[in-house]
Engineer: 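Take this structure first; my questions come after.
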Amino acid sequence: MARFLRPLLRGTTYTRLLHLWVPMLITSVWIFISPETPYAPALMLIPVGLIPAVRIGEGVQAQLLLTPGKENSGISVAPSATWRDRGRTVLWLEARMALGWVTTFACVWCPVISFQLIETARGRVPDDVWVLEEASPSGWYAWLAPLPVIALYGAVVGLGKLATSTARVLLGPSRAEQLAALEERTEQLLERNRIARELHDSIGHALTVAVVQAGAARAAGDPEFTERALGAIEETGRAALEDLERVLGVLREAERPVSSRPTLVDADRLWESARASGAKVDAEVTGPLETVPGPVSREGYRILQEALTNVLRHAGSVPVRVRIQVADGTLHLEVRNPLTAAISGPGRGSGLRGIRERAALLGGRAYTGPDEGDWQVHAELPLS
């Protein structure tokens, strides 16, 4: 019994009831103006729902009254961006009006009928309620009195839940909003994984080298060996600081909106950065980069960035050939540099693994490893 009555102790039950009553205020005023056309407010809602900004107001009301206190309510507060969104808003307004009518009817008539049943059981038959106007006094009506109260409970609680579910369907994020949210989430996960890999491989390696060199120098007790060990620690620490600065740059960039992140259209900055570090970059772009979808273009930029970073880190100032091609519904990316002793086998580093993961996430594939005397990073990303 306590579980049955628990919804009556929740504030959400009454905020939802208030939400369903709001449209009835307009309807009540209209009935006084024109009682012959009670359906007119429902017709007026059709052009109102086509206004893009109305979706914002309805979304805000639904969040505050139907799902109060929930961070992820499943209800959008963005304006209608397409005619589909406008149509869903119109359907929501009509559904809200219909649910409001049913709720108001239940809240008004259920208590009245219950009271009249009790009065009839006491021998006073009402003559102003159509349900009981032909009834004869009887004590059995007292047993029926709780039924309208139970129906009222069902209307208040059930219709509130129904309104919430309907709002999530009709006022929920559109396909474009869902794609944007998914893209944002994917971008965050990719960057987090990349940061974890960078910290593990770079900082962890530097600390390991520093600890080992320091321990060996102290054990050796040789000034010349100690000098070499300190030099190794200094060089490793400097490289780790550079990697840390790069990782922090990724963290700072993660606060930017997805739409403002660099894409392949901005790839020139990668060439310039690599050339400033001493690499001889030969870049060739074929096809319209501006037609590449945003997620593919952003991930393609990251793949090129990671490939060039690996070249500078492991091969140094060497000739680098970069090829970008957009053709046949596929984005082809290729970075090649002479194979050196520092890169002598198949790629196993986290950066190269990240390249393959980015490509796989977009339904494409990537190959990293030796190829005809060169080190090659080749990725194919579908544009659809």
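Side chains included, hydrogens not; waters and symmetry mates left out as well; all remaining heavy atoms used.
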Engineer: Treating Ile, Leu, Val, Met, Phe, Trp and Tyr as nodes and any side-chain heavy-atom pair under 4.5 angstrom as an edge, say whether L339 and Y367 lie in one connected cluster.
Structural biologist: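 Unlinked, L339 and Y367 end up in two clusters.
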Engineer: Could you work out, with ring pair (Phe, Tyr, Trp, His ring centres under 6.0 Å) as the rule, every residue matching H19, not counting sequence neighbours?
Structural biologist: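 Result, ring pair (Phe, Tyr, Trp, His ring centres under 6.0 Å) vs H19: W92.
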Engineer: Quick check: closest heavy atoms across A106 and L152, and the distance to 0.1 Å?
Structural biologist: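 Taking every non-hydrogen atom into account, O-CD1, 3.6 Å.
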Engineer: State the CG-CG distance between L308 and N337, to the nearest 0.5 angstrom.
Structural biologist: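 Those atoms lie 9.0 Å apart.
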Engineer: Are any non-hydrogen side-chain atoms of E334 and V322 less than 4.5 angstrom apart?
Structural biologist: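 No; the side chains remain at least 4.5 Å from each other.
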Engineer: Please check if the number of heavy atoms outside E290 that lie under 6.0 Å from its CD is greater than 12.
Structural biologist: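 Yes, because the 6.0 Å sphere around CD of E290 holds more than 12 heavy atoms from other groups.
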Engineer: Decide yes or no on side chain to side chain contact (heavy atoms under 4.5 Å, CB included) for C107 and V156, but give the supporting numbers first.
Structural biologist: CA-CA 8 Å; C107 290; V156 172; 4.3 Å; yes
Engineer: Rounded to the nearest 0.5 Å, how far does CG of L333 lie from CD1 of I355?
Structural biologist: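 Answer for the CD1-CG pair, I355 versus L333, is 9.5 Å.
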Engineer: So, taking the atom named NE2 in H332 and the one named CD in E380, what distance separates them when rounded to the nearest 0.5 Å?
Structural biologist: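 Rounded to the nearest 0.5 Å, the NE2-CD separation comes out at 5.0 Å.
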Engineer: Mind checking what makes side-chain contact (heavy atoms from CB on, under 4.5 Å) contact with V102, not counting sequence neighbours?
Structural biologist: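 Here the qualifying residues are L159.
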Engineer: So, R356 versus T368: side-chain donor-acceptor pair below 3.5 Å or not?
Structural biologist: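 Short answer, yes.
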Engineer: Cluster question for you: counting only ILVMFWY and a side-chain heavy-atom cut-off of under 4.5 Å, with indirect links fine, are L93 and W101 together?
Structural biologist: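 L93 and W101: one cluster.
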Engineer: Do L65 and L99 sit in one hydrophobic cluster, given that two such residues count as connected whenever their side-chain heavy atoms are within less than 4.5 Å of each other, even indirectly?
Structural biologist: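 In one cluster: no.
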Engineer: Kindly work out whether a path of hydrophobic side-chain contacts (I/L/V/M/F/W/Y, heavy atoms less than 4.5 Å apart) joins L91 to L162.
Structural biologist: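 No, L91 and L162 fall in different hydrophobic clusters.
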Engineer: Would a single hydrophobic cluster contain both L289 and L362, if residues Ile, Leu, Val, Met, Phe, Trp and Tyr are joined by side-chain heavy-atom contacts under 4.5 Å?
Structural biologist: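 Cluster IDs for L362 and L289 match.
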Engineer: Applying side-chain contact (heavy atoms from CB on, under 4.5 Å), can you list everything that pairs with P148, at least two apart in sequence or on another chain?
Structural biologist: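 Counting only residues at least two positions away or on another chain, P148 forms a side-chain contact (heavy atoms from CB on, under 4.5 Å) with C110, I113, S114, L117.
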Engineer: Looking at E58 and L171, what are the two nearest heavy atoms and their distance?
Structural biologist: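 It is O-CD1, 3.8 Å.
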Engineer: Could you work out, with ring pair (Phe, Tyr, Trp, His ring centres under 6.0 Å) as the rule, every residue matching Y153, not counting sequence neighbours?
Structural biologist: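 Per chain and number, Y153 pairs via ring pair (Phe, Tyr, Trp, His ring centres under 6.0 Å) with F4.
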Engineer: Determine whether I324 and E284 make a side-chain contact, defined as any pair of heavy atoms from C-beta on separated by less than 4.5 Å.
Structural biologist: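 SC-SC contact between I324 and E284 ruled out.
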Engineer: Applying side chain to side chain donor-acceptor pair (under 3.5 Å) as the test, list every pair that has at least one member in residues 35-46; sequence neighbours left out.
Structural biologist: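 Sorted pair list: W30-T37, S34-T37.
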Engineer: Using the salt bridge (Lys or Arg N to Asp or Glu O under 4.0 Å) criterion, which residues pair with E224? Sequence neighbours excluded.
Structural biologist: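 So E224 forms a salt bridge (Lys or Arg N to Asp or Glu O under 4.0 Å) with R228.
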Engineer: Starting from L25 and following side-chain heavy-atom contacts under 4.5 Å between hydrophobic residues (I, L, V, M, F, W, Y), which residues can be reached?
Structural biologist: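 Its cluster mates, by chain and number: none.
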Engineer: Short question: side chain of R88, backbone of G172 - any donor-acceptor pair under 3.5 Å?
Structural biologist: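 Yes; at least one donor-acceptor contact below 3.5 Å.
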Engineer: What I'd like to find out is whether the side chain of T330 reaches to under 4.5 Å of the side chain of L383, using heavy atoms alone.
Structural biologist: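 The answer is no, as the side chains (C-beta and beyond) never meet within the 4.5 Å cut-off.
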Engineer: Would you name the heavy atoms of L304 and W271 that are closest together and state the gap between them?
Structural biologist: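 Reported closest heavy-atom pair: CD1-CH2, 4.0 Å.
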Engineer: Would you compute the distance between atom CH2 of W21 and atom OG1 of T104 and round it to the nearest 0.5 angstrom?
Structural biologist: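 The CH2 atom of W21 sits 7.5 Å away from the OG1 atom of T104.
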Engineer: In terms of side-chain heavy atoms, does R86 have a donor or acceptor partner in S80 at a distance below 3.5 Å?
Structural biologist: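 No, S80 and R86 have no side-chain donor paired with an acceptor closer than 3.5 Å.
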Engineer: For residues A167 and I75, report the shortest heavy-atom separation together with the two atoms involved.
Structural biologist: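 Shortest heavy-atom separation between A167 and I75 comes out as CB-CD1, 4.0 Å.
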Engineer: With side chains defined as the heavy atoms from C-beta onward, is the minimum distance between W375 and R336 less than 4.5 Å?
Structural biologist: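 No - every pair of side-chain heavy atoms lies 4.5 Å or more apart.
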Engineer: Not counting sequence neighbours, which residues clear side-chain contact (heavy atoms from CB on, under 4.5 Å) with P68? List them please.
Structural biologist: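 For P68 the side-chain contact (heavy atoms from CB on, under 4.5 Å) partners, ignoring immediate neighbours, are T12, T15.
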Engineer: Is there a donor-acceptor pair under 3.5 Å between the side chain of T13 and the backbone N or O of V157?
Structural biologist: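 No, the answer is negative, given that no donor and acceptor are paired below the 3.5 Å cut-off.
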Engineer: How far apart are the closest heavy atoms of V108 and V112, and which atoms are they?
Structural biologist: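 Smallest heavy-atom distance, with atoms named: O-CG2, 3.1 Å.
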Engineer: Does L9 sit in a hydrophobic cluster with other residues, and if so which ones, taking ILVMFWY side chains as linked at heavy-atom separations under 4.5 Å, directly or through other members?
Structural biologist: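 Members alongside L9: none; it stands by itself.
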Engineer: I need the minimum non-hydrogen distance between P338 and D374, along with the two atoms involved.
Structural biologist: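 Heavy atoms of P338 and D374 come nearest at CA-OD1, 3.7 Å.
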Engineer: Between R358 and E306, does at least one N-O distance fall below 4.0 Å, as a salt bridge requires?
Structural biologist: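 Result for this pair is no, no salt bridge flagged.
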Engineer: Of all residues at least two apart in sequence or in a different chain, which pass the salt bridge (Lys or Arg N to Asp or Glu O under 4.0 Å) check with D282?
Structural biologist: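 D282: salt bridge (Lys or Arg N to Asp or Glu O under 4.0 Å) contacts with R323.
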Engineer: Rounded at 0.5 Å granularity, tell me how far CD in Q376 sits from CG in D371.
Structural biologist: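 Q376 atom CD to D371 atom CG measures 4.5 Å (nearest 0.5 Å).
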Engineer: Quick test of your reading: applying side chain to side chain donor-acceptor pair (under 3.5 Å), list the pairs with at least one residue in residues 156-168, sequence neighbours left out, ordered by first then second residue.
Structural biologist: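 For residues 156-168, and leaving out neighbouring residues, the side chain to side chain donor-acceptor pair (under 3.5 Å) pairs sorted by first residue read R16-T164.
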Engineer: Would a 4.5 Å heavy-atom cut-off, applied to side chains only, mark M97 and T27 as touching?
Structural biologist: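 A side-chain contact under 4.5 Å exists here.
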Engineer: May I ask you to decide if K70's main-chain N or O and S73's side chain share a donor-acceptor pair within less than 3.5 Å?
Structural biologist: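 Looks like no, no N/O pair under 3.5 Å.
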Engineer: Using a 4.5 Å cut-off between side-chain heavy atoms of Ile, Leu, Val, Met, Phe, Trp and Tyr, which other residues end up in the same hydrophobic cluster as W83?
Structural biologist: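 Noted: W83 shares its cluster with I46, L50, V90.
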Engineer: State whether R96 and E94 are salt-bridged, where the test is any N-O pair (Lys NZ or Arg NE/NH1/NH2 against Asp/Glu carboxylate O) under 4.0 Å.
Structural biologist: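 Looking at E94 together with R96, the answer is no, because their closest N to O distance does not fall below 4.0 Å.
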Engineer: Can you find a heavy atom in the side chain of V311 that is under 4.5 Å from one in the side chain of V318?
Structural biologist: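 Yes, their side chains come closer than 4.5 Å.
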Engineer: Which one of L331, V285, V296 satisfies the side chain to side chain contact (heavy atoms under 4.5 Å, CB included) criterion with V326?
Structural biologist: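 Between V326 and the candidates, side chain to side chain contact (heavy atoms under 4.5 Å, CB included) is satisfied uniquely by L331.
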Engineer: Looking at R55 and D85, would you say the former's side chain and the latter's main chain have a donor-acceptor pair under 3.5 Å?
Structural biologist: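 Checked: pair present.
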